[in-house]
2 protein chains.
Amino acid sequence: MIEGRAETRAAILDAARALFLEKGYAGASVRSVASAAGVDGALPIHYFGTKEALFLQALPSMPDYQPLLEGDPDNLGERFVRYILEEDGHLRPLYLTLLRASDTGAVGEQLRHLHETTFVEPLETRLTGPDANLRARLAAALVGGLMYALWVVGDEQLLAAGEDVVIRRYGALLQQLIDPA
Amino acid sequence: MIEGRAETRAAILDAARALFLEKGYAGASVRSVASAAGVDGALPIHYFGTKEALFLQALPSMPDYQPLLEGDPDNLGERFVRYILEEDGHLRPLYLTLLRASDTGAVGEQLRHLHETTFVEPLETRLTGPDANLRARLAAALVGGLMYALWVVGDEQLLAAGEDVVIRRYGALLQQLIDPA
DNA sequence: GGCTACATTCAACGGTGTTGAATAGCCAGA
DNA sequence: TCTGGCTATTCAACACCGTTGAATGTAGCC
């Protein structure tokens, strides 16, 4: 049974999404979400049970990058790297927020699921040749490493030589996993 | 001025190190650290000022992997990957704990510093040829991606084909950044 | 013994997630 | 129109959190 009026639930979820992405899981309190939604501080828990459940339901969906995958597979490596470097601000906060909250069991599950459904699986279906699954997983690790270096570590000097150089070099490595081995 | 008896400080730091690595930054409370050290719940903050300062001082140092770097550079890529896959349990909890606490300012700084001093700099000094700095940073990202996939995401199927295959394939990519371009 | 300086404890504050009871608001039936 | 009940929302309280400043113990020195 769903509790609460639909609009109130939506207001809470909207406020939660904004605050969690801005301040992180620990930094955004349930009461701050409630007051941003204009309701009593206890209502979010009443509706969603726990802060973690609220967090998971409030998370935005992954941006859709199907077009990226459907293009020419011969330069998918470079395009993928470029996508990470030039993404429009939707992926980065989601990635960082999930990552840092991933020590609570269900959030870790969600991160694993997103990694699987948005990186590994789409890549695997587009790979021809042997060991497609392994190559997709290694490619996903490679992409994760770029996001890690840029966003978690904050290695600003990585881009000092210019985005193009990174796109070419890191993209070339990624491409070797994409090309049929 | 350092406050407190040296043994009491050490007891607190030891308890803090164990609890932070086991339960994470948020999961280990200051009071739980204090009671594990056998002191009053307010003492850790009295000594170290804030939970974050206690955390930073309690963190273990990075394992020393100099021998790994000093070996034959022609197969450093594979050896590096093998080191991550077979590490003895010191690096992984430190990496995970730092990563997940990296949204508080000083912890992010520490993560950046460790990334720089334990991955980028040692690699860079061993690289010959042009663009050593960039190649070291890309190599560090690659290594980070492996740790991310294995430890944060928990991609267990990555090793389904056997450690050797991962060591060979991912190591080969890493090696391309190590070899003079 | 009394004084001092320091190590440690105690008590309290505001904030947190979470809980169950109390209230407010609406809608059906007499 | 009144009344009952149902549901949405609020209120009050709990235990725990990081943090603070005052109180207490405790050792050594004159």
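Below, chains carry the letters A, B, ... as their sequence lines are ordered, and counting in each starts from 1.
Sequence order on DNA chain C of the closest nucleotides to A:Ser32 and A:Ala42 puts A:Ser32 first from the 5' end. If you find the closest nucleotide of DNA chain D to B:Ala26 and to A:Val39, the one lying nearer the 5' end belongs to A:Val39.
Rounded to an integer number of Å, the gap from B:Tyr25 OH to D:dC17 C1' is 11 Å. Note: CD (A:Glu52) to P (C:dT16) measures 19 Å, nearest angstrom. The distance between atom CG of A:Asp40 and atom P of C:dT16, rounded to the nearest whole Å, is 14 Å. One can place CD1 of B:Ile45 at 17 Å from C1' of C:dA7, the figure rounded to the nearest angstrom. The interatomic distance linking B:Ile12 (CD1) with D:dG18 (P) rounds to 14 Å, in whole Å. Per the geometry, CG belonging to B:Leu43 stands 8 Å off C1' belonging to C:dT9, to the nearest Å. In this entry the distance linking CZ of A:Arg5 with P of C:dA24 reads 18 Å, nearest Å. Rounding to whole angstrom units, CZ of residue B:Phe55 and C1' of D:dC17 are separated by 17 Å.
Counting only heavy atoms from C-beta on, B:Thr50 has its side chain closest to D:dT19 among D:dT19, D:dA8, D:dT20. Side-chain atoms of B:His46 lie closest to D:dA22 of the nucleotides D:dA22, C:dT18, D:dT10. Residue B:Ser29 has its side chain nearest to D:dG18 when only D:dG18, C:dT18, D:dT10 are considered.
The distance between the ring centers of B:Tyr148 and A:Tyr95 falls below 6.0 angstrom.
A 4.5 Å side-chain heavy-atom check between A:Ile12 and A:Phe48 finds at least one atom pair inside the cut-off. Within the 4.5 Å cutoff, no side-chain heavy atoms of A:Asp103 are placed close to those of B:Tyr25. Counting only heavy atoms from C-beta outward, the side chains of B:Asp155 and A:Arg112 never approach each other to under 4.5 Å.
No N or O donor and acceptor, one from the side chain of A:Arg31 and one from the base of C:dG15, sit under 3.5 Å apart.
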Could you walk me through whether B:Phe20 and B:Phe55 pass ring pair (Phe, Tyr, Trp, His ring centres under 6.0 Å), step by step?
CA-CA 7 Å; B:Phe20 279 135; B:Phe55 176 71; 5.0 Å; yes
